[in-house]
Asks: 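Here it is, the structure, as structure tokens.
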Amino acid sequence: MSDIRVRFAPSPTGYLHVGGARTALFNWLFARKVGGTFILRIEDTDTERSSEAMVRGILEGMEWLGLHYDEGPFFQSNYADKHRAAAYQLLETGWAYRDFTPKQERDDTNIKDQIAKERVVNPFRDLPKIESDARAETGEPFVIRFKVPAEGKTQFDDIVFGLQQRDYSDIEDLVLLRSDGHPLYNLSVVVDDIEMRITHVVRGQDHINNTHKQVLLYQALGKPVPKFAHLPLILAPDKSKLSKRKHGEIVSVTTYRDAGFIPDAFVNFLALVGWAPEEGLAAKDQEIFSREELIRIFSLEGIHKSNAVFNFTEGDERNWTDQKALWMNFEYIKTWPLENLLPLIQPELQKAGLWRDEYFGERKAWYEHTITLLRERARTLLDFAKHGRPYFVAGLDFEFEDAAVKKNLQKDPALKTLLPVLAERFAAMADFTHDAVEAALRAVAEENGVKAGLLINATRTALTGQSVGPSLFELVPAIGKQRAAERLRHAAGLV
RNA sequence: GGCGCGUUGGUGUAACUGGUUAACACGCCGCCCUCUCAAGGCGGAGAGCACGGGUUCGAGUCCCGUACGCGCUACCA
């Protein structure tokens, strides 16, 4: 195992955002690739916005994606003492100062804007230490601010964005400790990353500005600066930042779990937004990658700089999320090894009350064959219970779609007599196979002077209640002789 | 406003250190197959690489400017 250590550090917002999921994924891939350590740390220093329930959403998302962490979850709030100590250390070493400006004054946005615009130097910045200590002694409230040097600039070489520089004059004296003694984000992050010996910080591009501040903190604390890789953002179709408030459930990965996505498919999709394998590492134009392949070919250098758009149509039920993600899921359902797929389908059938343990035993062959039939047309895992219901229930415990009944059963009154005829023919068959069923059905059609198609489509609806589905002669044997005959007789009543 | 970053078809991406008619996938359209719907096969439309200048024999690839977009600009994270 190498000594490379990375972390994913979400704030507990109650759900794992797709952008966050990709950040987690890239950290995970990188760690696995180099044999490093992947750490999960919950940034809950803002106690007002944190709760256990909020954390659970994150954990659930990680779990579903299969992004297992080697250490954690750590909770940043547990280390507040260390963060505070660091703030006081910086105060002692002269890298920070007490700011006694009353809070009300600071909360006034007009005053704040003015200070920012005119680059007003904080009056407490150079308050003599003795005086500062004395005022603190009397109980006068203060915040601890970092003292950004007057001249010079920060710089770091971002793995994705290249050399980044910032004049000190463009960085404000950030608050390290609130007046209630609460440590703030930039300080906490740096102290924790030092403590956890993080070597590579891989996070969203929206943190680039913070990074300059953090570099300063590392230096003031006399610690080595880790390497940084900032990721481009994932935007909504209107190019605005993807947010739950604005875009709803589509941003939460649990939505994809609940919508019947295969986690590997979603991971595969996510990996390809903002990143592509470097030439030669993967087959040209390859897009389907297993986790193992992704780990093998992943590199931070392959991440690109421009933001990506997550393409979906609001209000469109079929294209409720990115079409390529949808396609990817379908592709996995269709082509994944059956033994991978089966464990994901079982819970879906159980939820719908369709599961029978004999699918593991004497009905195994039938079950697996039926699943291979259904997977051809399933777009999500949910479809196995939805479209598959007629295959798994006894009798007539499934829905007849109105449109299907109208289109295929009520199309020709002759079906009223033909369906029972077909039922009897089926019931009398010894060999209920694809070819035998086809021969029987075509014979009935010919004897009665109707087109086979009429009977075929009517039979499909009779047996499944649906107008679409697998090839009929595959379908009928899967339903079986008994149920097929029974459903055909029943359907005659619907004509 | 300030600071930073970005810009290849509708979307995601490709195009070795500048070198043939800018490639692939999703989506879209059409044809074939066909018992339905998909899938699959074949074909097509769709960007001349944000725009304007340069450098060069030659630029999507280098330089400058403009526009647009995005991020950050808290005693939030």
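So you know, we letter chains A, B, ... as the sequences are listed, proteins then strands, and number each from 1. Computed from a predicted model, the values in this text were never measured in an experiment.
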Asks: Remember a base hit wins even if backbone is also touched, and classify A/P470 as base, sugar-phosphate or nothing at under 4.0 Å, heavy atoms.
Replies: base

Asks: On the side chain of A/K334, is there an atom forming a donor-acceptor pair with the base of B/A39 - under 3.5 Å, no angle test?
Replies: no

Asks: Looking at every strand, decide which applies to A/L184 at a 4.0 Å heavy-atom threshold: base, sugar-phosphate, or nothing.
Replies: sugar-phosphate

Asks: Who does B/U21 pair with, Watson-Crick or G-U, both distances under 3.5 Å?
Replies: none

Asks: Nearest whole Å is fine: how far is B/G71 C1' from A/K239 NZ?
Replies: 16 Å

Asks: Would one find more than 12 heavy atoms of other residues, nucleotides or ligands at under 6.0 Å from atom CG of A/D316?
Replies: yes

Asks: Hunt down the Watson-Crick or G-U wobble partner of B/G43, both distances under 3.5 Å, from any strand shown, or write none.
Replies: B/C29

Asks: When rounded to the nearest Å, what value does the distance between P atoms of B/G27 and B/C42 take?
Replies: 16 Å

Asks: Please give the distance between the P atoms of B/U66 and B/G4 as a whole number of Å.
Replies: 13 Å

Asks: A/V309 or A/V143: which one's nearest nucleotide on RNA chain B is closer to the 5' end?
Replies: A/V309

Asks: Rounded to whole angstroms, how far apart are CD on A/E278 and C1' on B/U17?
Replies: 15 Å

Asks: Please assess A/H369 against A/Y391 for the test ring pair (Phe, Tyr, Trp, His ring centres under 6.0 Å), listing each intermediate value before the final yes or no.
Replies: CA-CA 11 Å; A/H369 177 252; A/Y391 297 76; 9.9 Å; no

Asks: Any donor-acceptor pair under 3.5 Å joining the side chain of A/S467 to the base of B/C37?
Replies: no

Asks: Show the numbers, then the answer: is there a ring pair (Phe, Tyr, Trp, His ring centres under 6.0 Å) between A/F426 and A/F432?
Replies: CA-CA 8 Å; A/F426 279 175; A/F432 208 63; 5.4 Å; yes

Asks: Could you please name the option among B/G12, B/U36, B/G71 that lies closest to any side-chain atom of A/L233?
Replies: B/G71

Asks: Picking from B/C5, B/C26, B/U36, which would you name as closest to the side chain of A/Q323?
Replies: B/C26

Asks: Within the structure shown, what part of the strands sits under 4.0 Å from A/R166 by heavy-atom distance: base, sugar-phosphate, or nothing?
Replies: sugar-phosphate

Asks: Only pairs with both distances under 3.5 Å count, Watson-Crick or wobble alike; so what is the partner of B/A59 in this structure?
Replies: none

Asks: With sugar-phosphate meaning primed atoms plus P, OP1 and OP2, does A/F330 contact a base, only sugar-phosphate, or nothing at under 4.0 Å between heavy atoms?
Replies: sugar-phosphate

Asks: When the C1' atoms of B/A45 and B/C29 are considered, how many whole Å apart are they?
Replies: 7 Å

Asks: Heavy atoms under 4.0 Å, any strand shown: does A/D285 hit a base, just sugar-phosphate, or nothing?
Replies: sugar-phosphate

Asks: Of all the nucleotides listed (B/C70, B/G6, B/G12), which has the minimum atom distance to the side chain of A/K305?
Replies: B/G6

Asks: For atom P, what is the distance between B/U56 and B/G69, given to the nearest Å?
Replies: 35 Å

Asks: Measure the distance from CZ on A/R318 to C1' on B/C37 and round it to the nearest whole Å.
Replies: 10 Å

Asks: Would you please indicate yes or no on a ring centroid separation below 6.0 angstrom for A/Y332 and A/W327?
Replies: no

Asks: Within a radius of less than 6.0 Å around NZ of A/K244, do more than 12 heavy atoms belonging to other residues, nucleotides or ligands occur?
Replies: yes

Asks: Over how many whole Å does the gap from A/M328 atom CE to B/A25 atom C1' extend?
Replies: 9 Å

Asks: Quickly work out the A/L242 CG to B/U11 C1' distance and round it to whole Å.
Replies: 14 Å

Asks: Less than 3.5 Å apart, any donor N or O on the side chain of A/S77 or A/D44 sitting next to an acceptor on the other?
Replies: yes

Asks: Could you work out the separation of B/C3 and B/A22 based on their P atoms and round it to a whole Å?
Replies: 39 Å

Asks: Using only side-chain N and O atoms of A/K241, determine if any of them is under 4.0 Å from OP1 or OP2 of B/C72.
Replies: yes

Asks: Please check if the distance between the ring centroids of A/F261 and A/F269 is under 6.0 Å.
Replies: no

Asks: Which one, B/G71, B/G10, B/U7, comes nearest to the side chain of A/S306?
Replies: B/U7

Asks: Round to the nearest Å and state the distance from A/Q165 atom CD to B/C3 atom P.
Replies: 15 Å

Asks: Choose from B/U36, B/A25, B/U7 the nucleotide whose nearest atom is closest to any side-chain atom of A/K324.
Replies: B/A25

Asks: B/C24, B/A77, B/A14: which one has an atom nearest the side-chain heavy atoms of A/A276?
Replies: B/A14

Asks: Please step through ring pair (Phe, Tyr, Trp, His ring centres under 6.0 Å) for the pair A/W95 and A/F146, ending with a clear verdict.
Replies: CA-CA 6 Å; A/W95 278 104; A/F146 186 77; 5.7 Å; yes

Asks: Does the gap between the ring centers of A/F124 and A/Y97 come in under 6.0 Å?
Replies: no

Asks: If the C1' atom of B/C70 is compared with that of B/G54, how far apart are they to the nearest Å?
Replies: 28 Å

Asks: If you measure from the C1' atom in B/C76 to the same atom in B/G71, how many Å do you get, rounded?
Replies: 16 Å

Asks: Both A/I208 and A/S240 contact RNA chain B. Taking the nearest nucleotide for each, which residue is further toward the 5' end?
Replies: A/I208

Asks: Describe the nucleic acid contact of A/K451 in one word from base, sugar-phosphate, nothing, applying a heavy-atom distance below 4.0 Å.
Replies: nothing

Asks: Take the protein atom CG of A/D170 and the nucleotide atom C1' of B/C3, then report the distance between them rounded to whole Å.
Replies: 5 Å

Asks: May I ask you to say what A/H230 touches in the nucleic acid, namely base, sugar-phosphate or nothing, with a heavy-atom cut-off under 4.0 Å?
Replies: nothing

Asks: Where does B/G52 fall, syn or anti, if syn means a chi angle no more than 90° from 0?
Replies: anti

Asks: Paired with B/G6 by Watson-Crick or G-U wobble geometry, both distances under 3.5 Å: which nucleotide is it?
Replies: B/C68

Asks: Just checking A/Y185: base, sugar-phosphate only, or nothing, at a heavy-atom cut-off of under 4.0 Å?
Replies: base

Asks: Per the atom types in the model, does the base of B/C37 pair as donor or acceptor with the side chain of A/R377 at under 3.5 Å?
Replies: yes

Asks: Write down the distance between CH2 (A/W327) and P (B/U11), rounded to a whole number of angstrom.
Replies: 19 Å

Asks: Identify which nucleotide among B/U11, B/C3, B/A25 has an atom closest to any side-chain atom of A/E287, counting heavy atoms from C-beta outward.
Replies: B/A25

Asks: Roughly how many Å apart are B/U21 and B/G6, using the C1' atom of each and rounding to a whole number?
Replies: 30 Å

Asks: Using a heavy-atom cut-off of 4.0 Å across all strands, would you classify A/S169 as base, sugar-phosphate, or nothing?
Replies: nothing

Asks: Please confirm whether any donor atom in the side chain of A/R460 sits under 3.5 Å from an acceptor in the base of B/C35, or the reverse.
Replies: yes

Asks: Is A/N210 side chain donor-acceptor paired with the B/A77 base, going by distance under 3.5 Å alone?
Replies: yes

